[in-house]
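Working notes for the structure below.
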There are 2 protein chains.
Amino acid sequence: MQIGTAAEASGVSAKMIRHYEAIGLISSGARRINGYRDYDSRDVHELRFIRSARDLGFSLDEIRTLLDLWRNKDRNSRDVHQLAARHLADIERKIVELQAMAATLRELLHACHGDARPDCPILAGLSGKTSMAGH
Amino acid sequence: MQIGTAAEASGVSAKMIRHYEAIGLISSGARRINGYRDYDSRDVHELRFIRSARDLGFSLDEIRTLLDLWRNKDRNSRDVHQLAARHLADIERKIVELQAMAATLRELLHACHGDARPDCPILAGLSGKTSMAGH
DNA sequence: TCAGCACCTTCCTACAATGGGAAGGTCAAG
DNA sequence: CTTGACCTTCCCATTGTAGGAAGGTGCTGA
């Protein structure tokens with residue numbers, strides 16, 4: 001099948017499929033006589049794997065490792081577990097960060113009347129006249 | 001004061017101060033005879049404002065608007081409130097997304113024994129053999 | 001048979017925010 | 001007069017994705 005069909009079937013855009021090939025995430029597979037890339041269901045399967053991993057927030061570099069492990073039948077499930085656990089920890093850290101931001105914003109929003117008057121605790125907070133959560 | 005001092009005082013790196021000037025976020029202020037940028041406490045105050053807003057996750061584009069509102073004494077606190085509320089909603093949406101990812105990851109991690117054996121529900125999940133949370 | 005359209009190819013550009021580094025100018029202390 | 005710590009500009013890299021230009025391919029309908 002052509003790249004467009006593989007894109008549709010996998011949920012990865014044709015643009016991205018070419019990109020993944022360019023950075024060596026997927027192999028430079030077969031070409032037809034006209035130079036068009038040719039894909040089969042295994043390729044689509046792999047693309048879907050990548051797509052799922054992206055949806056879970058794995059970076060392309062992490063996915064590179066995951067793909068290696070996926071292809072390697074002698075792998076250790078410990079390696080996968082470790083990678084995923086580290087990634088989960090990253091996400092949890094990010095959530096905590098965002099929650100801190102959200103809490104501060106909610107506080108500021110609560111204090112700001114939000115009408116036609118110019119005085120605004122949000123701006124005051126940003127300008128450092130109020131307690132602010134650090135980075 | 002020189003850029004390095006302003007950087008230290010504001011928590012914004014010299015590199016970023018130059019960048020903010022280049023993109024017009026802050027004005028191209030005075031230069032000394034030798035071509036060095038010169039800053040005063042008002043500049044530092046503005047940089048700290050930017051820094052705080054960045055810490056709260058505002059984009060430089062949003063900060064551009066916030067700075068305009070901050071400088072404009074005839075502003076409407078409603079505008080600030082609206083901008084901040086929208087930003088808070090963005091953050092909350094992002095938190096929900098990350099929490100969904102984390103939940104799926106935790107499920108997969110829970111199912112994966114993570115030892116020397118090769119079979120791994122995490123890889124199976126990514127390859128689509130298990131229920132996965134969509135994007 | 002040719003026109004048109006949908007597809008494909010490569011290559012370059014952009015985004016957002018930040019950092020790294022090179023090549024060179026400036027200034028104060030020793 | 002050298003050394004070192006600043007400063008200047010300019011270019012490049014990052015991460016993941018998209019847009020677009022310029023050109024080739026191939027099917028379909030008139």
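Since the model is a prediction, treat every value here as computed from it, not as a measurement. Throughout, protein chains are lettered first and strands after them, A, B, ... in sequence-line order, and every chain is numbered starting at 1.
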Map A:His19 and B:Lys15 onto DNA chain D by nearest heavy atom, then report which one ends up closer to the 5' terminus.
B:Lys15

Polar side-chain atom of A:Arg51 near backbone of A:Val12 as donor-acceptor pair, under 3.5 Å
no

N/O donor-acceptor pair under 3.5 Å between A:Ser10 side chain and A:Ala6 backbone:
yes

Integer-rounded Å distance: D:dG26 C1' and A:Ile33 CD1:
12 Å

Nearest-Å distance for atom pair CG/C1', residues B:Asp38 and C:dC27:
15 Å

Nearest whole Å is fine: how far is C:dC7 P from A:Tyr39 OH?
16 Å

Side chain of B:Asn34: nearest nucleotide among D:dG16, C:dT26, C:dA17?
C:dT26

Minimum heavy-atom separation for A:Leu123 to B:Trp70, with atom names?
CD1-CA, 3.8 Å

Hey, does B:Arg32 reach any base, or is it just sugar-phosphate, or nothing, if we go heavy atoms under 4.0 Å?
nothing

Regarding A:Arg32 and A:Asp38, does a basic nitrogen lie under 4.0 Å from an acidic carboxylate oxygen?
yes

Looking for any heavy atom pair under 4.0 Å, which part of the strands does A:Arg18 touch: base, sugar-phosphate only, or nothing?
base

Pairwise 5' ranking along DNA chain D for B:Ala14 and A:Met16, keeping only the more 5' one
B:Ala14

Within this structure, what is the CD1-to-P distance between A:Ile3 and D:dG26, rounded to whole angstrom?
16 Å

Whole-Å distance, A:Met1 CE to C:dC8 C1', equals 16 Å

Compare side-chain N and O positions of B:Arg37 against OP1 and OP2 of D:dT8 and report whether any pair is under 4.0 Å apart.
yes

What is the distance from CD1 of B:Ile50 to P of C:dA16, rounded to the nearest Å?
16 Å

Establish, with yes or no, whether the OP1 or OP2 oxygen of C:dG19 is under 4.0 angstrom from a side-chain nitrogen or oxygen of B:Ser13.
yes

Report yes if at least one side-chain N or O of B:Tyr20 is closer than 4.0 Å to OP1 or OP2 of C:dA17; otherwise report no.
no

For A:Phe58, report the nucleic acid contact type (base, sugar-phosphate, nothing); a contact means any heavy atom under 4.0 Å.
nothing

For A:Gln2 and C:dC8, is the shortest distance between a side-chain N/O and OP1 or OP2 below 4.0 Å?
yes

Tell me if a side-chain donor or acceptor on B:His113 pairs with a main-chain N or O of B:Asp119 at a distance below 3.5 Å.
yes

Selected nucleotide, minimal atom distance to B:Arg54 side chain, candidates D:dT17, D:dC7, C:dT18
C:dT18

Nearest-Å distance for atom pair CG/P, residues A:Leu25 and D:dT15:
13 Å

Between atom CD1 in A:Ile23 and atom P in D:dT15, what is the gap in whole Å?
9 Å

Would you check if the side chain of B:Asp40 reaches a backbone N or O of B:Asp43 as a donor-acceptor pair within less than 3.5 Å?
yes

DNA chain C nearest-nucleotide lookup for A:Glu21 and B:Asp61: closer to the 5′ end is A:Glu21

Does the side chain of B:Arg51 get closer than 4.0 angstrom to OP1 or OP2 of C:dT18 through an N or O atom?
no

Among the nucleotides D:dT8, C:dG25, C:dA17, which one has an atom lying closest to any side-chain atom of B:Tyr36?
C:dG25

